[in-house]
Amino acid sequence: MLLCLGLACVIAGAQETVESVRRQIKAVEAETAREKSLHDAEKKRHAEFVEVGRKKVQAISSQTKFITAEIDSLKAELKHISDARQKTMGSIKWFESRKAKYNESLALVIDSLVPVFESDFPYRNDEVVSSVKEIADQLHKGVIEADDALNRTLEVFYDRIRLGYTTEVWKGFLLVDARNVPGTYLRYGAVASVFVGNDGNDVLWLSRTEDGGYVWKNVSDDLAMRAALKDVMKVAEGKTAPKLVTIPVALPKEAK
């Protein structure tokens, strides 16, 4: 009986050992399966990571090629703009040089008009000459543009032309034989001018000289001319009824 009990104990221990081994084997297999599953998952993630990286590298490569092409295009465009700018700057410099030469030439032409206006019909000549000199000086210094200078010069001409269509009477003084005589002036357009002193003793009219200038000619000793010019002044001042009168006109030498 003791022998049977000992055998039973041995058999029971053997069975427990087999079950323990089987449990350990299953545990190892389960752990191995889990490790394999983790390894497969990690391998899959690694493959996905590699694929994503490859796609990113391709995308970056494509973007790099596109950006490089854009940079090359921009460089070409920049060179074109730079060339166009240099050409434009060259044109501007040429134009500015031509403009400066034109302005200088125009200033000289305008300034050359001074003697013309100085020898013109003697009425506010100093104002006209001063205006013309100022225009030429401002153009020479670049204060005004050529078109402005030209327009202002033409306006001076227009004023002198309009002078020929007007008549004016005003009070003033005239130097007669070193005497500053007060009296009345009559200007008829830009062809005739008469002066009659306040006391009626001095009567003069504007005549031309041999050299083309103007001079006041005293007619106080010419009774007929004296009376005629006094009559002209009375009509001009409205002191007598309107009527036709004779006015002496100063003609240039070549027109006589």
Side-chain angles (χ1 to χ4, degrees), residues 107-138 149-256:
L108 292 175
V109 171
I110 294 175
D111 194 57
S112 69
L113 296 173
V114 169
V116 177
F117 288 114
E118 286 177 337
S119 62
D120 193 19
F121 186 79
Y123 178 75
R124 296 184 177 178
N125 297 51
D126 292 341
E127 297 177 14
V128 175
V129 169
S130 176
S131 178
V132 171
K133 287 182 177 179
E134 181 182 6
I135 294 171
D137 183 61
Q138 289 182 349
L150 185 59
N151 289 335
R152 287 171 58 180
T153 303
L154 290 176
E155 188 60 34
V156 172
F157 274 105
Y158 294 151
D159 285 341
R160 299 303 288 183
I161 292 173
R162 286 190 288 266
L163 179 69
Y165 296 93
T166 60
T167 300
E168 186 178 3
V169 176
W170 72 96
K171 298 292 184 179
F173 292 85
L174 179 64
L175 189 63
V176 181
D177 298 330
R179 295 177 296 114
N180 203 20
V181 180
T184 305
Y185 286 90
L186 163 65
R187 177 186 60 79
Y188 183 78
V191 295
S193 191
V194 176
F195 176 82
V196 177
N198 290 340
D199 57 8
N201 293 326
D202 296 289
V203 180
L204 301 93
W205 69 282
L206 198 61
S207 179
R208 297 294 292 264
T209 61
E210 292 294 328
D211 59 1
Y214 290 86
V215 63
W216 285 99
K217 186 175 182 179
N218 198 325
V219 295
S220 298
D221 296 334
D222 188 338
L223 298 181
M225 178 68 80
R226 175 190 177 98
L229 295 182
K230 282 187 174 182
D231 194 31
V232 167
M233 189 63 73
K234 288 180 180 179
V235 173
E237 290 183 293
K239 293 181 179 180
T240 184
K243 60 180 179 179
L244 292 176
V245 292
T246 301
I247 299 177
V249 176
L251 296 175
K253 181 179 180 181
E254 59 271 14
K256 294 181 181 180

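None of these values were measured; they are calculated from a predicted model. Along the sequence shown, the residues carry numbers beginning at 1.
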Would you give the length of the straight line joining atom [atom1] of [X] to atom [atom2] of [Y], rounded to the nearest 0.5 angstrom?
X      : Y      : atom1 : atom2 : result
Ile247 : Thr167 : CD1   : OG1   : 7.5 Å
Trp205 : Ser193 : CH2   : OG    : 11.0 Å
Thr153 : Ile110 : OG1   : CD1   : 3.5 Å

Taking only residues two or more places apart in sequence or in another chain, which ones pass side-chain hydrogen bond (donor to acceptor under 3.5 Å, both in side chains) with [X]?
X      : answer
Thr240 : none
Thr184 : Lys171
Asn218 : Ser220
Glu134 : Gln138

Inter- and intrachain pairs under side chain to side chain donor-acceptor pair (under 3.5 Å), touching residues 122-132, at least two apart | Tyr123-Glu168
Taken in chain and number order and not counting sequence neighbours, the residues that satisfy salt bridge (Lys or Arg N to Asp or Glu O under 4.0 Å) with Arg160 are Asp120
Asp159: what forms a salt bridge (Lys or Arg N to Asp or Glu O under 4.0 Å) with it, not counting sequence neighbours?
-> Arg162
Sequence neighbours left out, what passes ring-ring contact (aromatic ring centres under 6.0 Å, His included) with Tyr185? Give chain and number order.
-> Trp170, Phe195, Trp216
With sequence neighbours excluded, tell me which residues meet ring-ring contact (aromatic ring centres under 6.0 Å, His included) with Phe157.
-> Phe117
Output every pair passing salt bridge (charged side-chain N to carboxylate O under 4.0 Å, His left out) with a member in residues 108-117, not counting sequence neighbours, ordered by first then second residue.
-> none
Any pair with a residue in residues 216-234 that passes salt bridge (charged side-chain N to carboxylate O under 4.0 Å, His left out), sequence neighbours left out, goes on the list, sorted by first then second residue, please.
-> Asp231-Lys243
Is there a side-chain contact between Leu206 and Phe121 (heavy atoms, below 4.5 Å)?
-> yes
Where do [X] and [Y] come nearest, in terms of heavy atoms and distance?
X      : Y      : result
Thr166 : Leu163 : OG1-O, 3.1 Å
Met233 : Val194 : CE-O, 3.7 Å
Leu175 : Asn180 : CD1-N, 4.1 Å
Ala192 : Pro248 : CB-O, 3.4 Å

Can you list the residues that meet the side-chain contact (heavy atoms from CB on, under 4.5 Å) rule with Ala236, with sequence neighbours excluded?
-> Val169, Leu186
